[in-house]
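To start, the structure itself, in C-alpha coordinates.
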Amino acid sequence: MGGVGFSELLLLALITLLVVGPRRLPEIAHTVGRWTRHARGAWASLKSEFQDEMDRDHNRRILEAEQSHEQSESVEQEAHERRDDAD
(Lines give C-alpha, C1' and ligand atoms only; values in the text may rest on other atoms or scores of the structure.)
Protein backbone atom coordinates (compact mmCIF):
# COMPACT_ATOMS: atom_id res chain seq x y z
CA MET A 1 0.00 0.00 0.00
CA GLY A 2 2.68 2.48 -0.85
CA GLY A 3 4.85 2.11 2.23
CA VAL A 4 2.03 2.39 4.77
CA GLY A 5 2.09 -0.50 7.21
CA PHE A 6 -0.49 -1.87 9.59
CA SER A 7 0.81 0.13 12.55
CA GLU A 8 0.52 3.41 10.61
CA LEU A 9 -3.05 2.56 9.56
CA LEU A 10 -3.97 1.66 13.14
CA LEU A 11 -2.52 4.94 14.41
CA LEU A 12 -4.39 6.89 11.74
CA ALA A 13 -7.66 5.13 12.62
CA LEU A 14 -7.16 5.88 16.32
CA ILE A 15 -6.45 9.56 15.67
CA THR A 16 -9.48 9.78 13.36
CA LEU A 17 -11.68 8.16 16.00
CA LEU A 18 -10.49 10.64 18.61
CA VAL A 19 -10.93 13.66 16.33
CA VAL A 20 -14.33 12.93 14.77
CA GLY A 21 -15.85 10.64 17.38
CA PRO A 22 -17.57 7.29 17.03
CA ARG A 23 -20.87 8.70 15.76
CA ARG A 24 -19.43 10.43 12.67
CA LEU A 25 -16.79 7.78 11.92
CA PRO A 26 -19.02 5.65 9.61
CA GLU A 27 -20.06 8.76 7.68
CA ILE A 28 -16.45 9.86 7.28
CA ALA A 29 -15.37 6.34 6.26
CA HIS A 30 -18.11 6.27 3.63
CA THR A 31 -17.02 9.65 2.25
CA VAL A 32 -13.37 8.62 2.16
CA GLY A 33 -14.32 5.39 0.39
CA ARG A 34 -16.30 7.33 -2.21
CA TRP A 35 -13.37 9.70 -2.81
CA THR A 36 -11.02 6.74 -3.10
CA ARG A 37 -13.27 5.03 -5.69
CA HIS A 38 -13.54 8.28 -7.62
CA ALA A 39 -9.76 8.82 -7.56
CA ARG A 40 -9.09 5.24 -8.67
CA GLY A 41 -11.59 5.59 -11.50
CA ALA A 42 -10.01 8.84 -12.63
CA TRP A 43 -6.54 7.30 -12.47
CA ALA A 44 -7.67 4.26 -14.48
CA SER A 45 -9.25 6.54 -17.07
CA LEU A 46 -6.09 8.61 -17.32
CA LYS A 47 -3.95 5.51 -17.72
CA SER A 48 -6.29 4.17 -20.38
CA GLU A 49 -6.23 7.42 -22.35
CA PHE A 50 -2.44 7.58 -22.10
CA GLN A 51 -2.10 3.98 -23.29
CA ASP A 52 -4.47 4.63 -26.20
CA GLU A 53 -2.43 7.66 -27.22
CA MET A 54 0.81 5.68 -27.00
CA ASP A 55 -0.73 2.91 -29.14
CA ARG A 56 -1.90 5.44 -31.75
CA ASP A 57 1.56 7.00 -31.86
CA HIS A 58 3.18 3.59 -32.22
CA ASN A 59 0.81 2.61 -35.03
CA ARG A 60 1.40 5.95 -36.78
CA ARG A 61 5.15 5.40 -36.70
CA ILE A 62 4.76 1.90 -38.12
CA LEU A 63 2.58 3.21 -40.96
CA GLU A 64 5.04 6.01 -41.72
CA ALA A 65 7.92 3.52 -41.81
CA GLU A 66 5.98 1.23 -44.16
CA GLN A 67 5.08 4.13 -46.44
CA SER A 68 8.68 5.31 -46.50
CA HIS A 69 9.82 1.78 -47.30
CA GLU A 70 7.26 1.47 -50.12
CA GLN A 71 8.32 4.82 -51.57
CA SER A 72 11.97 3.87 -51.55
CA GLU A 73 11.13 0.55 -53.21
CA SER A 74 9.13 2.30 -55.94
CA VAL A 75 11.99 4.76 -56.55
CA GLU A 76 14.44 1.87 -56.80
CA GLN A 77 12.07 0.02 -59.16
CA GLU A 78 11.76 3.08 -61.41
CA ALA A 79 15.54 3.52 -61.48
CA HIS A 80 15.98 -0.14 -62.34
CA GLU A 81 13.39 0.12 -65.15
CA ARG A 82 15.14 3.21 -66.55
CA ARG A 83 18.45 1.36 -66.61
CA ASP A 84 16.82 -1.56 -68.38
CA ASP A 85 15.25 0.79 -70.95
CA ALA A 86 18.59 2.55 -71.52
CA ASP A 87 20.35 -0.76 -72.23
Side-chain angles (χ1 to χ4, degrees):
M1 276 183 62
V4 178
F6 179 73
S7 60
E8 287 90 358
L9 286 175
L10 187 61
L11 181 62
L12 184 60
L14 181 63
I15 291 171
T16 305
L17 180 62
L18 291 173
V19 170
V20 298
R23 289 185 185 165
R24 291 197 54 217
L25 188 60
E27 176 188 338
I28 301 252
H30 180 73
T31 302
V32 169
R34 192 174 14 173
W35 287 350
T36 302
R37 282 190 302 277
H38 182 70
R40 285 183 182 173
W43 180 250
S45 175
L46 181 65
K47 282 178 22 180
S48 175
E49 288 179 26
F50 181 74
Q51 187 62 46
D52 289 345
E53 186 63 33
M54 294 296 290
D55 291 344
R56 276 194 291 274
D57 185 53
H58 178 72
N59 291 339
R60 181 186 53 79
R61 289 180 187 202
I62 289 172
L63 287 174
E64 287 175 354
E66 287 177 354
Q67 290 172 351
S68 174
H69 182 70
E70 289 173 0
Q71 287 175 352
S72 65
E73 283 182 345
S74 67
V75 168
E76 289 176 10
Q77 181 69 23
E78 289 174 7
H80 182 67
E81 289 173 359
R82 287 184 195 147
R83 277 184 270 151
D84 288 344
D85 290 342
D87 290 340

Quick one: hydrophobic cluster around [X], which other residues, with the 4.5 Å side-chain cut-off, linked directly or via members?
X   : answer
M54 : F50
L10 : F6
W43 : L46
L63 : none

Can you tell me how far the [atom1] atom of [X] sits from the [atom2] atom of [Y], to the nearest 0.5 Å?
X   : Y   : atom1 : atom2 : answer
S72 : Q67 : OG    : CD    : 12.0 Å
E73 : S68 : CD    : OG    : 10.0 Å
E76 : Q71 : CD    : CD    : 12.5 Å

Side-chain donor-acceptor distances from residues 16-32 under 3.5 Å, at least two apart:
{"residue": "T16", "atom": "OG1", "partner": "L12", "partner atom": "O", "Å": "2.7"}
{"residue": "T31", "atom": "OG1", "partner": "E27", "partner atom": "O", "Å": "3.0"}
{"residue": "T31", "atom": "OG1", "partner": "R34", "partner atom": "NH2", "Å": "3.4"}

Practice item. Scan for salt bridge (charged side-chain N to carboxylate O under 4.0 Å, His left out) pairs involving residues 39-56, sequence neighbours excluded, and state none if there are none. Key: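 As it turns out, the salt bridge (charged side-chain N to carboxylate O under 4.0 Å, His left out) pairs with a partner in residues 39-56, which skip direct neighbours, are E53-R56.
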